[in-house]
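Note on naming: letters A, B, ... go to the chains in the order of the sequence lines (proteins, then strands), and numbering restarts at 1 for each one.
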Amino acid sequence: MPEGPIILILKEEIDALHLIGKKVLRIDGTNKIDADRLIGQQLKAVKTYGKNFLLCFGDFTLRVHLMMFGTYLLNEEKSTKLQLSLQFEGATINFYTTSLKIIEENLDEVFDWTTDIMSEKWDAKLALKKVTEHPKAIIADLLLDQDIFTGAGNIIKNEALYRAEIHPLSKVSAIPEKKLKELIKEVRDFSFDFLKWKKANVLKRHLDVYEQKNKSHPQVVKEYLGKGKRGTYIWPEKQHLYV
DNA sequence: GGGCTTGTTACTGT
DNA sequence: TACAGTAACAAGCC
């Protein structure tokens, strides 16, 4: 399910429930979280960091990561295995197939907010610096690097590369700085388009290359490339290969 | 029903 | 020791 913009939608939906200051009354599910730790705790804040969804309590934070297949339901349940149900006064949050972790540290010590592509603290110059620190890497891999583009996923990778007209196998050292800057800008711009279109339930029809191979754009080819051999969509005539 | 998939971590081998 | 590559894990869509 996830990728940065979707976690932001989750946060907005939780914000609408007005749970700040409310206490956890009960938890349920197959999770291995210490229930005593959570029950009775007052929710202090709800934050996101890239694909991490963060529920902040007094002296710890519950981090929820939806991984590839995670889902959630608010004030609703489904029949599949319930992993974590957080029951507050007036609302229930249910998580399925997520990665859960209690963070003890202050979040500012653990997360560098300036690398979060959706954050108002996003620092494009820092991203450029970090990208150029990997001259031998292929650009497609760096776009999935959560230390550089926190919150970017495979859809954002593909669409941003297409918009910047850069071939995913391009080597960082060979890409002109102007094009790198353009790419970094497109990562952020597309992420906010993703957010807008996902909310309106029209995301798929606005994608230019991702899963477009045999649809609107037959010129698009699909290859499995990069470290994770992730599906990558390329419009060869439009995306220049820098090597 | 097999083969995909918006992700990450822990191994393995070089 | 560092890095590259792979397996493992998960649920749902077509």
Residue list, side-chain contact (heavy atoms from CB on, under 4.5 Å) with A:Glu89, at least two apart or on another chain: A:Lys22, A:Leu25

Integer-rounded Å distance: B:dT6 C1' and A:Tyr210 OH: 6 Å

Whole-Å distance separating the CG atom of A:Asp147 from the P atom of B:dT8: 11 Å

Pairs involving residues 23-40 of chain A, ordered by first then second residue, that meet side-chain hydrogen bond (donor to acceptor under 3.5 Å, both in side chains) (sequence neighbours left out): A:Arg37-A:Glu104

Between A:Trp235 and A:Asp208: side-chain donor-acceptor atoms closer than 3.5 Å: no

Rounded interatomic separation in angstrom, taking CD1 from A:Ile7 and C1' from B:dT6: 10 Å

Atom pair distance, as rounded to whole Å: CG in A:Leu84 and P in C:dA10: 17 Å

Side-chain donor-acceptor contact under 3.5 Å, A:Tyr233 with A:Glu223: no

Stems formed with participation of DNA chain C [Watson-Crick or G-U wobble, under 3.5 Å, three or more pairs]: B:2-5 with C:11-14, B:7-14 with C:2-9

Distance below 4.0 Å between A:His65 side-chain N/O and B:dG7 OP1 or OP2: no

For atom NZ of A:Lys204 and atom P of C:dC14, their distance in whole Å: 8 Å

Sugar-phosphate, base or nothing in reach of A:Lys51, heavy atoms under 4.0 Å: sugar-phosphate

Presence of A:Lys101 side-chain N/O under 4.0 Å of B:dT9 phosphate oxygens OP1/OP2: no

Side chain of A:Lys229 (C-beta onward), nearest among B:dT6, C:dT6, B:dG7: C:dT6

Contact summary for A:Ala127 and A:Ile148, nearest pair of heavy atoms: O-CG2, 4.1 Å

Separation of B:dG7 C1' from A:Asp141 CG (nearest whole Å): 14 Å

P atoms of C:dT6 and B:dC4, separation to the nearest Å: 16 Å

Options C:dA10, B:dT5, C:dA4, nucleotide nearest the side-chain atoms of A:Lys227: C:dA4

Sugar-phosphate only, base, or nothing, as touched by A:Lys78 at under 4.0 Å among non-hydrogen atoms: sugar-phosphate

Beyond-backbone contact of A:Ile138 with A:Pro168, side-chain heavy atoms, under 4.5 angstrom: no

Under 4.0 angstrom between A:Arg230 side-chain N/O and B:dT6 OP1 or OP2: yes

Criterion side-chain contact (heavy atoms from CB on, under 4.5 Å) on A:Leu143 and A:Ile156, from CA distance to verdict: CA-CA 8 Å; A:Leu143 286 167; A:Ile156 294 172; over 6 Å; no

Donor on one side chain, acceptor on other, A:Thr150 and A:Lys51, under 3.5 Å: no

Phosphate contact (B:dT5 OP1 or OP2) by A:Tyr224 side-chain N/O below 4.0 Å: yes

Nearest-Å distance for atom pair CZ/P, residues A:Arg63 and B:dG7: 14 Å

Nearest listed nucleotide, side chain of A:Phe69, among B:dT6, B:dT8, C:dA10: C:dA10

Atom-pair distance (CG on A:Leu142; P on C:dC3), nearest Å: 14 Å

Phosphate OP1/OP2 of C:dG12: any A:Thr80 side-chain N/O under 4.0 Å: yes

